[in-house]
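Just so you know, ligand 1 is whichever comes first in the structure, and atom 1 is the first atom listed for that ligand. Throughout, numbering of the chain's residues begins at 1 and tracks the sequence.
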Amino acid sequence: MENPFRYGEVATGVYFTDRSVELAELQADIRTGQNVVIISPRRFGKTSLVFQALELLKQEHVLVAYIDLFRTPTKDRFADHLADTIYSGLVAPFERVWQRAVDVFQKLPIRPKVTVNPDGTPSFEFAAGERSRDIERTIEGLLALPGQIASERKRRVALVLDEFQEVVAIDPHLPALMRAVFQFQGEVAHVFLGSKRHLMQRVFTDENEPMYKLAKPFPLREISAEDFAPFIRERFAATGQRIAEEAVRRVLATTDGHPHDTQELCYFTWSLAQAEGAEATPEVVDRALARVIEAEDARYTTVWEGLSPHQRLVLAALVVGAEAVYSEAYRRRHRLGAASAVQRSLERLVERELVEFSPRTGYRVPDVFLRAWIARVTAPNGGTGSRT
Ligand SMILES: Nc1ncnc2c1ncn2[C@@H]1O[C@H](COP(=O)(O)OP(=O)(O)O)[C@@H](O)[C@H]1O
Ligand SMILES: [Mg+2]
């Protein structure tokens, strides 16, 4: 029987816990053309939430284009993918004949090479090695298209830029270029998704940054127990696998409703219980947790080995508790030395997305299993064996 939990990919359909409040708010924003910026640690469900919203909005005839900046490391690639998504999301719904549809790209400074995929859809390529100025003007032209299409077709348009923290790596001038175009696109809701909170926040809230006040901040938190508990029960029930109420609580107490980590722990819990032909109890959840940590051990070891001894100390301290990390008492208790050293290590850890800072929660390690893994390796007995 197939495991009823999924982690790693975008959660859709029955694998998506209905985040009804966030979903409604995001849909309402997009409907009114409000720009939003969704910031959270990785694997918190940003992409899943937006995909769900887009699916629903398409049924209301909103036109949607989505681009993932992780997949566009250079300006050329960014232009290619932008053209692809503009074509499939904003042009193809009106023009069945793609030869005619690609006319929208003919006025750009660089004309794309068009190749036809096996399924008959075209994809676009802007030749590498063109002058940088021409590529920039081409990108500018592409970015303007959603606005033009919105007014021509009298439709609301959503343009989603996922993994937006990568924008500066593609080209430091891109944010300024985007602002220049986006600020005049009242019909287009621009949705920016990103991790690396420090970067994302700076780009949108520092008045010296080009994207300053361009989008409404939309913080995405863990999924609440009221939403997650019924989801877990229902997923177990769908496969006829029993789970005790205390086991559901144990899962959520372990993961704090972290979307990815909850699905992963449930995945292992379900498969243990299934193999044993028994009800999932808190004891099964604990064994599942040990399995998850074992499965992630190689990855975490690599991460750990890449840290300086002081960064490891700071990380281990955060797992124990993270109140007033710069205070003398805290530094003495965890033998962290000077406050400036703590600050330096925290900066590196935040950059690597191992630690997350927000005014609401302070410094913390968002990855539930990494927390458990660190607690284990830094335990007085060296963490080998016995603790699980
Ligand atoms: N609404 C949701 N309901 C259930 N699981 C979710 C939900 N959102 C995310 N997840 C879980 O988290 C994982 C990561 O989600 P994703 O949308 O890729 O996060 P992000 O874009 O923030 O990195 C998914 O594979 C899924 O297991
Ligand atoms: Mg994502």
Test ring pair (Phe, Tyr, Trp, His ring centres under 6.0 Å) applied to Tyr87 and Phe105, step by step = CA-CA 9 Å; Tyr87 173 80; Phe105 299 126; 7.1 Å; no
Should you measure from each heavy atom of Ile223, which atoms of ligand 1 turn up under 4.0 Å away?
-> 1 (N), 2 (C), 3 (N)
Per side-chain contact (heavy atoms from CB on, under 4.5 Å), Ser345 is matched among Val314, Leu336, Val350 by Val314
So, do Leu26 and Val50 sit near enough that their side-chain heavy atoms are less than 4.5 Å apart?
-> yes
Determine, stepwise, if the pair Glu283 / Arg287 fulfils salt bridge (charged side-chain N to carboxylate O under 4.0 Å, His left out).
-> CA-CA 6 Å; Glu283 183 270 330; Arg287 277 191 289 131; 2.6 Å; yes
Can Arg331 and Glu328 be said to form a salt bridge (charged side-chain N to carboxylate O under 4.0 Å, His left out), step by step?
-> CA-CA 5 Å; Arg331 284 184 286 121; Glu328 207 188 325; 5.4 Å; no
Contact atoms of ligand 1, heavy-atom distance to Phe16 under 4.0 Å | 1 (N), 2 (C), 3 (N)
Taking everything shown except Lys113 itself, do over 12 heavy atoms lie less than 6.0 Å from its NZ?
-> no
Element-labelled atoms of ligand 1 that are located less than 4.0 Å from some non-hydrogen atom of Thr47 = 17 (O), 21 (O)
Has ligand 1 got any nitrogen or oxygen that is less than 3.5 angstrom from a nitrogen or oxygen of Arg19?
-> no
Has Thr47 got an N, O or S atom lying less than 2.8 Å from the Mg ion (ligand 2)?
-> yes
Below 3.5 angstrom, do we get any N/O pair linking Arg42 and ligand 1?
-> no
Looking only at protein heavy atoms, what sits closest to atom 2 (C) of ligand 1 is Thr17 N, 3.5 Å
Glu356 and Arg371: salt bridge (charged side-chain N to carboxylate O under 4.0 Å, His left out), yes or no, with the steps?
-> CA-CA 13 Å; Glu356 139 100 352; Arg371 284 205 297 267; over 6 Å; no
For ligand 1, which atoms have a heavy atom of Tyr15 less than 4.0 angstrom away?
-> 3 (N), 4 (C), 5 (N)
Heteroatom proximity flag, Phe231 to ligand 1, N/O under 3.5 Å | no
Which is it for Glu264 and ligand 1 at heavy atoms under 4.0 Å: side chain, backbone, both or neither?
-> neither
Atoms of ligand 1 close to Lys46 [distance to a heavy atom under 4.0 angstrom, numbered from 1] | 17 (O), 19 (O), 20 (P), 21 (O), 22 (O), 23 (O)
In terms of atom number and element, which parts of ligand 1 are under 4.0 angstrom from non-hydrogen atoms of Glu9?
-> 24 (C), 25 (O)
For atom 27 (O) of ligand 1, which protein heavy atom lies nearest, and how many Å away is it?
-> Arg6 O, 2.6 Å
What protein heavy atom sits nearest atom 14 (C) of ligand 1, and how far away is it?
-> Arg43 CA, 3.9 Å
Sub-3.5 Å N/O-N/O distance, Gly8 and ligand 1 | yes
Is it possible for you to say whether Leu346 and Leu307 belong to one hydrophobic cluster, with membership spreading through side-chain heavy-atom contacts below 4.5 Å?
-> yes
If you scan protein heavy atoms around atom 13 (C) of ligand 1, the nearest is His260 CB, 3.7 Å
Heavy atoms of other groups near Phe124 CZ, more than 12 under 6.0 Å | yes
From CA spacing to verdict: salt bridge (charged side-chain N to carboxylate O under 4.0 Å, His left out), Lys154, Glu187 | CA-CA 9 Å; Lys154 308 218 173 346; Glu187 299 303 309; over 6 Å; no
Residue and atom name of the nearest protein heavy atom (relative to atom 4 (C) of ligand 1), distance in Å to one decimal | Gln263 NE2, 3.1 Å
Are Tyr15 and Phe231 close enough, and set up right, to give a ring pair (Phe, Tyr, Trp, His ring centres under 6.0 Å), and what steps lead you there?
-> CA-CA 9 Å; Tyr15 303 105; Phe231 171 83; 8.1 Å; no
Hey, which atoms in ligand 1 end up nearer than 4.0 Å to a heavy atom of Tyr7?
-> 25 (O), 27 (O)
Could you find the nearest protein heavy atom to atom 19 (O) of ligand 1 and give me its residue, atom name and distance?
-> Gly45 N, 2.9 Å
Hey, is ligand 1 close enough to Ser48 that some N/O pair sits below 3.5 Å?
-> yes
Show your reasoning for whether side chain to side chain donor-acceptor pair (under 3.5 Å) applies to Lys75 and Ser132.
-> CA-CA 9 Å; Lys75 282 189 282 186; Ser132 160; 3.3 Å; yes
Closest protein heavy atom (residue, atom, distance) for atom 10 (N) of ligand 1 = Pro259 CB, 3.6 Å
Can you tell if the side chain of Phe16 reaches within under 4.5 Å of the side chain of Ser48, non-hydrogen atoms only?
-> yes
